[in-house]
Amino acid sequence: MRNISEVQIPRGRELQQNGTKKSWDFMRTHDSVSVLIFNTTSHCFILVKQFRPAVYMCEWEKHTPQSPEDKVKEGEEKEESEESHGDPPTAAAGVTYELCAGLVDKPDLSLEEIARQEILEECGYDVPVSKLRKITSYRSGVGVTGSKQTMFYAEVSDDNCVGEGGGEPQEGELIEVVKVPLQESMNFAFDESLPKTMGVLFSFMWFHSNMAPKYKISTNV
Ligand SMILES: Nc1nc(=O)c2ncn([C@@H]3O[C@H](COP(=O)(O)OP(=O)(O)O[C@H]4O[C@H](CO)[C@@H](O)[C@H](O)[C@H]4O)[C@@H](O)[C@H]3O)c2[nH]1
Ligand SMILES: [Mg+2]
């Protein structure tokens with residue numbers, strides 16, 4: 001009988017599961033919060049758009065078969081041609097649509113307080129903590145990081161808008177705030193030409209099943 005939970009507690013990078021020795025790399029990261037923001041004045045979702053180096057590198061590697069790490073390794077057989085396939089992708093290939101989100105890196109603040117700060121810094125809306133509603137939490141990555149993300153819902157109005165958002169420039173953040181009209185949100189969510197996170201897809205679906213009736217929106221999911 002196989003029991004997937006029968007794992008000898010790992011020592012170093014090795015573990016034994018079901019009699020098989022395995023080693024695995026992991027990366028320790030902070031947990032995070034994300035927020036689905038809905039503007040009740042304009043009936044729009046408020047998303048952020050930012051350049052993600054990791055996303056860009058995935059696209060870059062498709063264009064250039066040889067990865068930067070491989071370049072520095074010497075004496076290895078190259079399976080694929082080193083020839084470049086035209087110009088490298090533009091920076092736009094690394095820009096994704098995302099929920100407003102942030103790392104849980106301030107131990108003295110609650111998850112709600114961190115979410116509130118991110119909404120203000122990234123999107124420019126001042127929302128009291130009491131207006132934040134927890135949707136759920138989940139593992140945001142199970143292959144390498146295993147960290148947990150807690151997702152919130154925040155209803156805002158134009159009256160809550162106190163700034164432009166855009167992130168904290170001194171922390172190197174460069175964020176564009178994007179409005180997605182509710183009526184267009186499902187087409188937006190499933191348009192694969194617009195790169196986005198799973199959180200955007202999931203939260204839009206959540207809104208359509210839980211909040212849309214309140215706004216008398218017919219769902220085409
Ligand atoms: N934004 C977002 N939307 C999702 O739908 C979404 N779904 C998953 N995630 C994951 O959540 C984590 C935290 O999100 P952020 O990267 O937005 O965290 P911040 O604290 O705002 O910013 C930090 O990272 C910035 C960029 O590197 C720096 O400039 C800052 O200095 C630095 O503090 C990341 O692991 C991300 O993968 C999403 N993140
Ligand atoms: Mg962020």
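None of the values given here were measured: they were computed from a predicted structure. Just so you know, these numbers use all the heavy atoms, side chains as well, and skip hydrogens, waters and symmetry mates.
Grouping the Ile, Leu, Val, Met, Phe, Trp and Tyr side chains by contacts below 4.5 angstrom, directly or via other members, places V104 apart from L99. Each of I175 and L47 belongs to its own hydrophobic cluster when Ile, Leu, Val, Met, Phe, Trp and Tyr are linked at side-chain heavy-atom distances under 4.5 angstrom. There is a path of hydrophobic side-chain contacts, each under 4.5 Å, that joins M198 to M186. Tracing side-chain contacts under 4.5 Å through hydrophobic residues (I, L, V, M, F, W, Y), one reaches I114 starting from V127; they form part of the same cluster. A single hydrophobic cluster is not seen to contain both F51 and V48; linkage of ILVMFWY side chains at heavy-atom distances under 4.5 Å, directly or through other members, places them apart.
In the model, Y153 has no side-chain atom that pairs as donor or acceptor with a side-chain atom of N210 under 3.5 Å. Donor-acceptor pairing under 3.5 Å is recorded for the side chains of Q149 and S32. Between the side chains of T20 and Q17, no donor-acceptor pair is found at a separation under 3.5 Å. Donor-acceptor pairing under 3.5 Å is recorded for the side chains of Q50 and E98.
Taking 4.5 Å as the limit, every side-chain heavy atom of R139 sits out of range of all side-chain heavy atoms of S147. Looking at F202 and T136, their side chains come closer than 4.5 Å, going by heavy atoms from C-beta outward. At a threshold of 4.5 Å between non-hydrogen side-chain atoms, the residues K49 and T96 do not count as touching. Inter-residue side-chain proximity for V177 and I46 is flagged as met; some heavy-atom pair is nearer than 4.5 Å. Counting heavy atoms from C-beta on, the side chains of T145 and F26 never come closer than 4.5 Å.
Note: L111 CG to M151 CE = 13.5 Å, rounded to the nearest 0.5 Å. Atom CD in Q183 sits 10.5 Å away from atom SG in C44 (nearest 0.5 Å). Here CD of E112 is found 6.5 Å from CG of L132. Values are rounded to the nearest 0.5 Å. For the atom pair W206 CH2 and H208 NE2, the distance stands at 11.5 Å (nearest 0.5 Å).
Between E113 and K106, none of the side-chain N atoms (NZ, or NE/NH1/NH2) sits under 4.0 Å from a carboxylate O, so this pair counts as no salt bridge. Taking the charged nitrogens against the carboxylate oxygens, K62 and E59 do have a contact shorter than 4.0 Å, which makes a salt bridge. A salt bridge links E155 with K214; the closest basic N to acidic carboxylate O contact falls under 4.0 Å.
For the pair V180 and S185, the tightest heavy-atom approach, listed with the atom from each and the gap, is CG1-CA, 4.0 Å. Of all non-hydrogen atoms in S42 and K179, the two that sit nearest each other are OG-NZ, 3.4 Å. The nearest pair of heavy atoms linking A154 to I119 is CB-CD1, 4.0 Å. The shortest heavy-atom contact between C123 and I37 is SG-CD1, 3.9 Å. Of all the heavy atoms in E122 and A101, the pair that sits closest is OE2-O, 3.0 Å.
Under a 3.5 Å cut-off, the side chain of Y56 and the backbone N or O of P89 do form a donor-acceptor pair. Listed for the D31 side chain is a donor-acceptor partner under 3.5 Å among the backbone atoms of K148. Proximity of a side-chain donor or acceptor of K196 to a complementary backbone N or O of F188 within less than 3.5 Å is detected. The backbone N or O of G167 lies less than 3.5 Å from no partner atom in the side chain of E173, so there is not a single donor-acceptor pair. When atom types are taken as modelled, the side chain of N160 and the backbone of S157 share a donor-acceptor pair closer than 3.5 angstrom. In terms of modelled atom types and a separation under 3.5 Å, the side chain of R52 and the main chain of V95 share no donor-acceptor contact. Of the possible polar contacts, one joining the W24 side chain to the G143 backbone as a donor-acceptor pair under 3.5 Å is found. Looking at H63, its side chain does come within 3.5 Å of a backbone N or O of D87 through a donor-acceptor pair.
Enclosure of atom CD in E192 is not indicated, since only 12 or fewer non-hydrogen atoms of other residues, nucleotides or ligands lie within 6.0 angstrom. In L174, the CG atom is not crowded: 12 or fewer heavy atoms of neighbouring residues, nucleotides or ligands sit closer than 6.0 Å.
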Can you list the steps and then say if L109 with Q117 is a side-chain contact (heavy atoms from CB on, under 4.5 Å)?
CA-CA 10 Å; L109 296 187; Q117 274 192 359; 3.5 Å; yes
D126 vs R116, test: side-chain contact (heavy atoms from CB on, under 4.5 Å). Steps then yes/no.
CA-CA 8 Å; D126 192 1; R116 178 183 183 276; 2.7 Å; yes
Begin with the C-alpha distance, continue with both residues' side-chain angles, and end with the deciding distance and a verdict on side-chain contact (heavy atoms from CB on, under 4.5 Å) for V162 and Y125.
CA-CA 6 Å; V162 295; Y125 289 90; over 6 Å; no
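Using cut-offs of 30° and 60° for the angle between ring planes, the F204 and F45 rings count as parallel.
Both tests do not hold together for K131 against F152: distance to the six-membered ring centre under 6.0 Å, angle to the ring axis within 45°.
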